[in-house]
Chemist: 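I'd like to ask some things about the structure below.
Along the sequence shown, residues carry numbers from 1. Quick caveat, the model's predicted, so the values are computed rather than measured. Because only heavy atoms are used, hydrogens play no part in the values below, and waters and symmetry mates are left out as well, while side chains stay in.
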Amino acid sequence: MLGPFLTWYLTMQFFALAGLPLAFVWLRRLRSRGYAVAKALGLLVSGVVVWWGGILHLWENTTSAVLTAAGLVFGVGLWALWRHRTEVRPWLREQGAFILITETLFLSALFLWTVVRASQPQLETAGGEKWMEIAFLNAVLRAPQVPPHDPWLSGYAISYYYLGYFLLGMLTRLSALPATVAFNLGCAGWFALAAVGA
């Protein structure tokens, strides 16, 4: 359990790195400069870039596309940060305790919910919702293009509500974990992102 957990944590930190420069600039009126939401922001904006690039046929739905999109988000963030570069070092000194508390909270929440999911990792539920969720995740992972194929309606693309699965697919691709493991770690990841965001 520890190996996949650490892999997932580092993958989420990768998106934090991609989103931190943008958060620092876009949320500069906050004392925290949006540090607590940098992971979610990096993942979301990278996901939008991957999705639009796929829709416009600039790339296929691959790990390379995810890395390219995250690199673009990071690059744009650094470009935007250039005007505020003198504020970074003083902010780091002033907010060191906040950063440490945020990362400790994130890691604790991620670990807590990973333990919860590890104690009940099965995908079946009374209503069958988990079967649909893993089907959507697998559809996203198997799709060479976006939008992915609808696993419930053969010959058609998923037409709605798959953003979360798309973002989870990006994390799954980068972590190289099996979809069933990534699904459970994804549940823990959403919980941890919500905890630090709140």
Side-chain angles (χ1 to χ4, degrees), residues 1-20 23 36-51 54 61-70 73 102-144 146-152 157-158 160-198:
M1 180 176 101
L2 194 56
F5 173 81
L6 289 175
T7 301
W8 197 257
Y9 173 74
L10 292 174
T11 305
M12 294 192 84
Q13 291 297 85
F14 170 78
F15 286 104
L17 180 64
L20 187 57
V37 295
K39 288 176 187 60
L41 183 66
L43 182 61
L44 180 62
V45 176
S46 296
V48 168
V49 172
V50 171
W51 190 82
N61 185 23
T62 63
T63 304
S64 298
V66 175
L67 291 170
T68 301
V73 169
T102 302
E103 287 304 319
T104 302
L105 176 61
F106 179 80
L107 190 57
S108 300
L110 184 66
F111 183 75
L112 170 71
W113 211 252
T114 298
V115 170
V116 169
R117 288 302 299 160
S119 70
Q120 47 186 326
Q122 61 276 18
L123 294 176
E124 74 261 4
T125 58
E129 190 75 12
K130 295 287 186 266
W131 291 111
M132 185 275 299
E133 292 178 341
I134 197 69
F136 269 37
L137 175 59
N138 280 319
V140 166
L141 291 172
R142 292 178 180 157
V146 261
H149 297 293
D150 192 326
W152 302 114
I158 299 175
Y160 58 99
Y161 73 81
Y162 67 93
L163 176 63
Y165 306 105
F166 190 76
L167 299 177
L168 182 56
M170 290 171 45
L171 286 162
T172 304
R173 283 183 193 285
L174 284 189
S175 68
L177 293 171
T180 50
V181 174
F183 177 82
N184 286 316
L185 286 168
C187 292
W190 303 149
F191 177 77
L193 289 175
V196 295

Chemist: A side-chain contact here means heavy atoms from C-beta on lying under 4.5 Å apart; do Trp8 and Gln13 qualify?
Modeler: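 A side-chain contact under 4.5 Å is absent here.
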Chemist: Suppose we screen for side chain to side chain contact (heavy atoms under 4.5 Å, CB included). Which residues come up paired with Ala109, at least two apart in sequence or across chains?
Modeler: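 Side chain to side chain contact (heavy atoms under 4.5 Å, CB included) list for Ala109, sorted by chain: Phe191, Ala192, Ala195.
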Chemist: I need the Leu2 CG to Phe111 CZ distance, nearest 0.5 Å.
Modeler: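 Answer for the CG-CZ pair, Leu2 versus Phe111, is 7.5 Å.
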Chemist: Do Leu41 and Phe15 have side chains that approach each other closer than 4.5 Å (heavy atoms only, starting at C-beta)?
Modeler: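 Leu41 vs Phe15: side chains apart.
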Chemist: Would you please name every residue forming a side chain to side chain donor-acceptor pair (under 3.5 Å) with Trp51, sequence neighbours left out?
Modeler: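 Applying side chain to side chain donor-acceptor pair (under 3.5 Å) to Trp51 gives Tyr162.
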Chemist: Drop me the distance from Leu17's CG to Met12's CE, to the nearest 0.5 angstrom.
Modeler: 14.0 Å
Chemist: Compare all side-chain heavy atoms of Leu168 with those of Trp190 and state whether any distance is below 4.5 angstrom.
Modeler: yes
Chemist: Tell me whether the rings of Tyr161 and Phe136 are parallel (<30°), tilted (30 to 60°) or perpendicular (>60°).
Modeler: parallel
Chemist: Can you check whether Thr63 reaches Leu67 side chain to side chain, under 4.5 Å on heavy atoms?
Modeler: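 In short, these two side chains touch, coming nearer than 4.5 Å.
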Chemist: Are the side chain of Arg173 and the backbone N or O of Val66 linked by a donor-acceptor pair below 3.5 Å?
Modeler: no
Chemist: Are any of the side-chain heavy atoms of Val140 and Pro148 separated by less than 4.5 Å?
Modeler: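 The answer is yes, as the side chains (C-beta and beyond) meet within the 4.5 Å cut-off.
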Chemist: Is the backbone of Leu43 close enough, under 3.5 Å, to the side chain of Ser46 for a donor and an acceptor to pair up by distance?
Modeler: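 Not at all, since once roles are kept as given, no pair shorter than 3.5 Å links the two residues.
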